[in-house]
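First comes the structure, then the notes that go with it.
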Amino acid sequence: MKEFAKKYHDLLTGEYGGINLTRITTFEEFYQKQIVDSIIPLEVSKVFKKTLENNKVVVDVGFGGGFPILPLAYLYPDKKFIGFEARGKKAKVVQEIADKLGLKNVKCYHQRIETVNIDIPIMMTFKAVGTIEKFVPMIKYREDMTVFFYKGPSFYELEELEPTEKKWKVVEELFYDLEGTDGRTLIGLKNKTVPRGTLKKEIKNLVNLSQLI
Ligand SMILES: C[S@@+](CC[C@H](N)C(=O)[O-])C[C@H]1O[C@@H](n2cnc3c(N)ncnc32)[C@H](O)[C@@H]1O
């Protein structure tokens with residue numbers, strides 16, 4: 001992992017140094033706060049690991065500078081990783097970085113999550129991308145899916161899970177330590193039922209995930 005992280009850090013500080021993709025300081029801080037932060041749920045959460053291993057496709061929403069999509073894709077070369085990012089520049093550059101890191105299982109799209117129809121079973125991740133209450137209702141699905149939110153230490157002071165629990169079952173709720181931080185919270189949600197019928201085409205630019213794999 002360190003060798004992969006070193007190459008990633010070199011690209012972010014070298015060739016892509018002019019683009020403010022992510023807050024980068026030293027390699028050690030980058031490693032701990034971006035790379036380890038992205039993959040630590042695999043170590044601390046059996047539910048997270050099992051869900052990833054049971055799905056063929058992982059969708060990461062709002063990956064910014066490539067987190068957690070690229071470190072997870074490096075660890076699971078046989079899974080497909082699809083990223084959606086609202087900022088076009090980030091989507092383009094992170095795809096280039098994935099290619100340069102030799103990750104053949106990554107596709108990054110300039111697309112907002114609210115314009116994607118999840119029509120195949122997947123696992124989804126959000127790391128540092130707004131509140132659960134705001135983002136969960138945006139997800140359009142016609143298949144089973146489990147979504148994980150990487151959250152900070154003050155999750156319960158800032159957010160509530162209750163409004164989401166009507167349609168989503170909480171499958172993971174875990175607080176854990178991460179060196180150099182005040183800790184992290186991981187929240188996992190699984191949809192309780194899958195709506196029938198096709199989605200109305202009234203949503204502008206709506207695309208089926210299966211067409212983007
Ligand atoms: C704070 S950054 C987090 C980046 C990365 N996940 C990380 O942990 O370093 C949030 C990102 O979410 C993206 N974003 C916000 N709303 C979005 C949406 N509706 N669909 C896709 N991406 C979105 C933003 O453009 C931004 O790059």
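Whatever order the structure lists ligands and atoms in, that order sets their numbers, starting from 1.
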Closest non-hydrogen protein atom to [atom], residue and atom name please, with distance?
| atom | value |
| --- | --- |
| atom 16 (N) of ligand 1 | Phe135 CZ, 3.7 Å |
| atom 8 (O) of ligand 1 | Lys127 NZ, 3.0 Å |
| atom 20 (N) of ligand 1 | Ile113 N, 3.1 Å |
| atom 22 (N) of ligand 1 | Ala86 N, 3.2 Å |
| atom 24 (C) of ligand 1 | Glu85 OE2, 3.4 Å |
| atom 2 (S) of ligand 1 | Ala128 O, 3.7 Å |
| atom 19 (N) of ligand 1 | Glu114 OE1, 2.9 Å |
| atom 7 (C) of ligand 1 | Phe67 O, 3.7 Å |

Would you check whether [X] has a nitrogen or oxygen atom less than 3.5 angstrom from a nitrogen or oxygen atom of ligand 1?
| X | result |
| --- | --- |
| Met138 | no |
| Gly62 | yes |
| Gln111 | no |
| Val61 | no |

Check whether any side-chain heavy atom of [X] lies under 4.5 Å from a side-chain heavy atom of [Y], and answer yes or no.
| X | Y | answer |
| --- | --- | --- |
| Lys127 | Gln34 | yes |
| Ile139 | Met145 | yes |
| Tyr109 | Val116 | no |

Ser210 to Asp119 - nearest heavy-atom pair and separation
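Smallest heavy-atom distance, with atoms named: OG-OD2, 2.6 Å.
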For residues Phe84 and Gln111, report the shortest heavy-atom separation together with the two atoms involved.
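Smallest interatomic distance, heavy atoms only, reads CB-O, 3.4 Å.
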Do the side chain of [X] and the main chain of [Y] share a donor and acceptor less than 3.5 angstrom apart?
| X | Y | result |
| --- | --- | --- |
| Thr146 | Leu189 | no |
| Asn105 | Lys79 | yes |
| Lys140 | Met138 | yes |
| Asn191 | Glu143 | yes |
| Glu159 | Thr131 | no |

Close-contact set for ligand 1 against [X] heavy atoms, below 4.0 Å:
| X | value |
| --- | --- |
| Phe84 | 21 (C), 22 (N) |
| Phe63 | 4 (C), 5 (C), 6 (N) |
| Lys90 | 26 (C), 27 (O) |

Approximate separation, where rounding is to 0.5 Å, of Glu53 CD and Phe48 CZ:
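Nearest 0.5 Å value for the CD-CZ distance: 10.5 Å.
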Does ligand 1 have any atom sitting under 4.0 Å from a heavy atom of Phe126?
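False for this residue.
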Compute the minimum heavy-atom distance from Gly65 to ligand 1 and say whether it is under 4.0 Å.
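Judged by the 4.0 Å heavy-atom criterion, Gly65 does not count as contacting ligand 1.
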